[in-house]
Amino acid sequence: NVLKRDIEDQINTYFKTSLAYVGVVLPLNEEEKRKWIKEQLESDKEDQELLAAKVRTSPLEAPSYSNLVNPKSPDKYKFPKCRKTKLENGLTVLSYRRTKLPKVSVYLRLKADKCYDSEQLPGLYNFVSKLLLEGTENMPRLELVDQIEKRGVSLRISPIGEIVFDCLPTDLEFMLGLITDLINSPKFDSQAIEKIRQKVLVSIKSFEDDTISTAKNLLLSKVYDNHPYGRFELGSEESLNKITQQDIIDFHKKYFSADGAHCAIVGDFTKKQLDKALANTLEKIRSTPVETKSLPKIERTAAEACSKYMNRDQVALGFAGLTVKSNDPDFFPLLVFNEVFSSGMSSYMFKLRQTTGLFYYYCSNLLLSAYLHPGNAFVLAIVSPDNEAAAEQEIRKLIDTSADLVTQEEIDQATNGLIYRLPRIYETNNAIAETFVNLAGLRFPANYYEKAPEKLLAISLEQVRAAVKQYFNTSKMHLAKVGRL
């Protein structure tokens, strides 16, 4: 009662329009736009003059303390193994008791992943996923939100068929029941549909207003061509406006099912408690058969350059090309080289940024999205418009020569770094749960990560160079530029 009175007093005292600030974004008329562009050009000229006067002439300071560090060989780590239970409705439960914290993490992944998004109505999967938290036939939205918040639960539903949450052990059965209800009995009422439609449309506009996101989307559409990996998960304004209530109901009924799904549950519980919870909840998820989607083969396409004008102070400049699946023989050699090229302050990309000063920010990964389908080598940097040509030349040169630059010492350091970090994928309940689901989805053995150090240590410099030369050169990579070109 005291807390309630305090809250009411705060609201009555401070939640007043007379004490509020109002911000309004006003559109520019054509005359003001011309003035704004003129000011922008003058500002760019000043920036260029200032930057041109700042030329690096001295080399980077040599490392001092790092040379004194004597790294030890990584210790052997005992990776946890899950208990696998196949429910009658087709859902596979991967459980592991971990009493380190009074907490439970749940990671549910449906058989229908992002590849199941509608070809005719791109963005439908995301739309349906967003609507799940708008209430069910048994629980209105406000009550649903209240039940989640008062239990301190963090719940995430992604547009790739994943439902993830953390909760207290005492709330596990309730939350599993809630997830069952979300899958079995969502209430797709018209008011909620229009609310989510407007939110997604705003998200699309926000995405299209960002140079990095736009460049990445351009590159993925080129790399994966007509494969679902190349589609924008939010869809388009045109497709969003075409989606009807019946489209949503039909998609949900077809793909939200226990059939072929995996659910990892990790945390502080007993077998008896979990079995009771499963019997009362997940075993009741409907088991509509989910078809195995027939997908087009992903093949390398001829390298193309694409661009999009966006009036920004910086340009997003990126390269991307097809690489390999997670089970490909070249996966581990590329993984090791990715450490050398992309990861940390000793990486090739970091050194290039520091020595040339040509770009502010970069991100790179030679195995982006590598899973059941081939991943892609992705390198992106943010540069000023006046440095765009020079940055492209330097990044292109680095990519094309990196296979010959890499040394045995760098391979050894990268390999040890990867082995040292392997236990991190089992560091938290949530990380363990995700790892269990990933291993199941890839059909990898339970001891996959126990065997990984042996595989990594067996990789030779020649294997790394051969894999890099095959997959990582700009003659096989698409180029995208987004900004004031």
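- Contacts of Asp313 classified as salt bridge (charged side-chain N to carboxylate O under 4.0 Å, His left out), with partners at least two apart in sequence or in another chain: Arg484.
- When the shell of 6.0 Å around NZ of Lys476 is examined, it contains more than 12 heavy atoms from other residues, nucleotides or ligands.
- In this structure a side-chain-to-backbone donor-acceptor pair under 3.5 Å is present from Thr435 to Ile425.
- A distance of 10.5 Å separates CG in Asn311 from CG in Leu485, rounded to the nearest 0.5 Å.
- In this structure, Ser402 contributes its side chain and Ile399 its backbone to a donor-acceptor pair below 3.5 Å.
- When atom types are taken as modelled, the side chain of Asn89 and the backbone of Ser287 share no donor-acceptor pair closer than 3.5 angstrom.
- What you find for Arg300 and Gly321 is that their closest heavy atoms are NH1-C, 4.5 Å.
- Here the CG-CG distance, from Leu182 to Leu133, works out to 6.0 Å after rounding to the nearest 0.5 Å.
- Between the side chain of Ser105 and the main chain of Asp166, no donor-acceptor pair closer than 3.5 Å is present.
- Between Gln408 and Asp412, the side chains place a donor N or O and an acceptor N or O closer than 3.5 Å (distance only, hydrogens not considered).
- Atom CG of residue Leu439 and atom OH of residue Tyr448 lie 8.0 Å apart, to the nearest 0.5 angstrom.
- In this structure, the side chain of Asn126 does not engage the main chain of Pro159 through any donor-acceptor pair within 3.5 Å.
- Closest heavy-atom contact between Tyr224 and Gly230: CB-N, 3.5 Å.
- For Phe127 and Phe251, the gap between ring centers reaches or exceeds 6.0 Å.
- Leu457 CG to Leu418 CG: the interatomic distance, rounded to the nearest 0.5 Å, is 10.5 Å.
- Atom NZ of Lys481 has more than 12 neighbouring heavy atoms from other residues, nucleotides or ligands inside a 6.0 Å radius.
- Checked by atom type, the side-chain pair Thr292/Lys111 shows a donor-acceptor distance below 3.5 Å.
- The shortest distance between side-chain heavy atoms of Asp328 and Leu334 does not fall below 4.5 Å.
- Checking side-chain atoms of Ser129 against main-chain N and O of Tyr125 turns up a donor-acceptor pair under 3.5 Å.
- Using a 4.5 Å heavy-atom cutoff, the side chains of His373 and Cys115 are in contact.
- Residues Ser384 and Asp386 have side chains that bring a donor and an acceptor to within less than 3.5 angstrom of each other.
- If you check the side chains of Asn241 and Arg197, you find no donor sitting under 3.5 Å from an acceptor.
- For the pair Lys81 and Tyr96, the cation-pi test (distance below 6.0 Å, angle within 45°) is failed.
- The number of heavy-atom neighbours closer than 6.0 Å to CD of Glu454, taken from other residues, nucleotides and ligands shown, is 12 or below.
- Of all non-hydrogen atoms in Gly267 and Asn429, the two that sit nearest each other are CA-ND2, 3.8 Å.
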*Given the rule in the side chain to side chain contact (heavy atoms under 4.5 Å, CB included) test, do Asn438 and Arg109 qualify, once you have shown the distances and angles that lead to the verdict?*
CA-CA 9 Å; Asn438 284 337; Arg109 182 178 292 163; 2.9 Å; yes

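- The closest side-chain heavy-atom distance from Phe359 to Val383 is below 4.5 Å.
- Residues in residues 459-485 take part in these ring-ring contact (aromatic ring centres under 6.0 Å, His included) pairs, two or more places apart or across chains: Phe341-Phe472.
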_If you apply the rule side chain to side chain donor-acceptor pair (under 3.5 Å), what do you find for Thr428 with Asn430, and how did you get there?_
CA-CA 5 Å; Thr428 65; Asn430 192 270; 5.6 Å; no

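- No more than 12 heavy atoms of other residues, nucleotides or ligands sit less than 6.0 Å from atom CD of Glu237.
- Between Ile249 and Phe188, the shortest heavy-atom contact is CG1-CD1, 4.0 Å.
- Contact annotation: the side chain of Leu131 never approaches that of His252 to less than 4.5 Å [non-hydrogen atoms, C-beta and beyond].
- In this pair, Tyr229 and His227 present their aromatic rings perpendicular. The plane angle is above 60°, beyond the 30 to 60° band.
- Note that the CE atom of Met477 and the OG1 atom of Thr323 stand 9.0 Å from one another [nearest 0.5 Å].
- In the displayed structure, Lys45 atom NZ is contacted under 6.0 Å by at most 12 heavy atoms of other residues, nucleotides or ligands.
- Val266 places none of its side-chain heavy atoms less than 4.5 Å from the side chain of Leu94.
- Between Leu155 and Ile163, the shortest heavy-atom distance links the atoms CD1-CG2, 3.9 Å.
- Counted by atom type alone, Thr288 and Ser257 present zero donor-acceptor pairs between their side chains at under 3.5 Å.
- For Ser239 (side chain) and Pro122 (main-chain N/O), a donor-acceptor pair under 3.5 Å exists by modelled atom type.
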_Test side chain to side chain contact (heavy atoms under 4.5 Å, CB included) applied to Lys254 and Tyr116, step by step_ = CA-CA 10 Å; Lys254 189 174 183 180; Tyr116 284 71; over 6 Å; no

*Audit row: Leu108, Leu91, side chain to side chain contact (heavy atoms under 4.5 Å, CB included) steps and yes/no*: CA-CA 10 Å; Leu108 171 66; Leu91 188 147; 3.9 Å; yes

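- Put simply, the side chain of Gln463 gets close to the backbone of Ser460: a donor and an acceptor are under 3.5 Å apart.
- Two residues are said to be in side-chain contact when any heavy atoms from C-beta on lie closer than 4.5 Å; Thr85 and Leu274 fail this criterion.
- Residues Ala414 and Val336 approach most closely at CB-O, 3.5 Å, considering heavy atoms.
- Counting only distance, with no hydrogens or angles, the side chain of Tyr449 and the backbone of Leu422 share no donor-acceptor pair below 3.5 Å.
- Taking the side chain as every heavy atom from C-beta outward, Asn327 and Arg443 never approach each other to under 4.5 Å.
- A 4.5 Å side-chain heavy-atom check between Ile179 and Phe165 finds at least one atom pair inside the cut-off.
- If you check the side chains of Asn338 and Ser342, you find a donor sitting under 3.5 Å from an acceptor.
- The closest donor-acceptor contact from the side chain of Asp210 to the backbone of Ser213 lies under 3.5 Å.
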*Walk me through it: do Ser346 and Gln413 pass the test side chain to side chain contact (heavy atoms under 4.5 Å, CB included)?*
CA-CA 10 Å; Ser346 62; Gln413 289 175 350; 5.6 Å; no

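- Within the model, atoms CG of Asp330 and NZ of Lys325 stand 13.5 Å from one another, a figure rounded to the nearest 0.5 Å.
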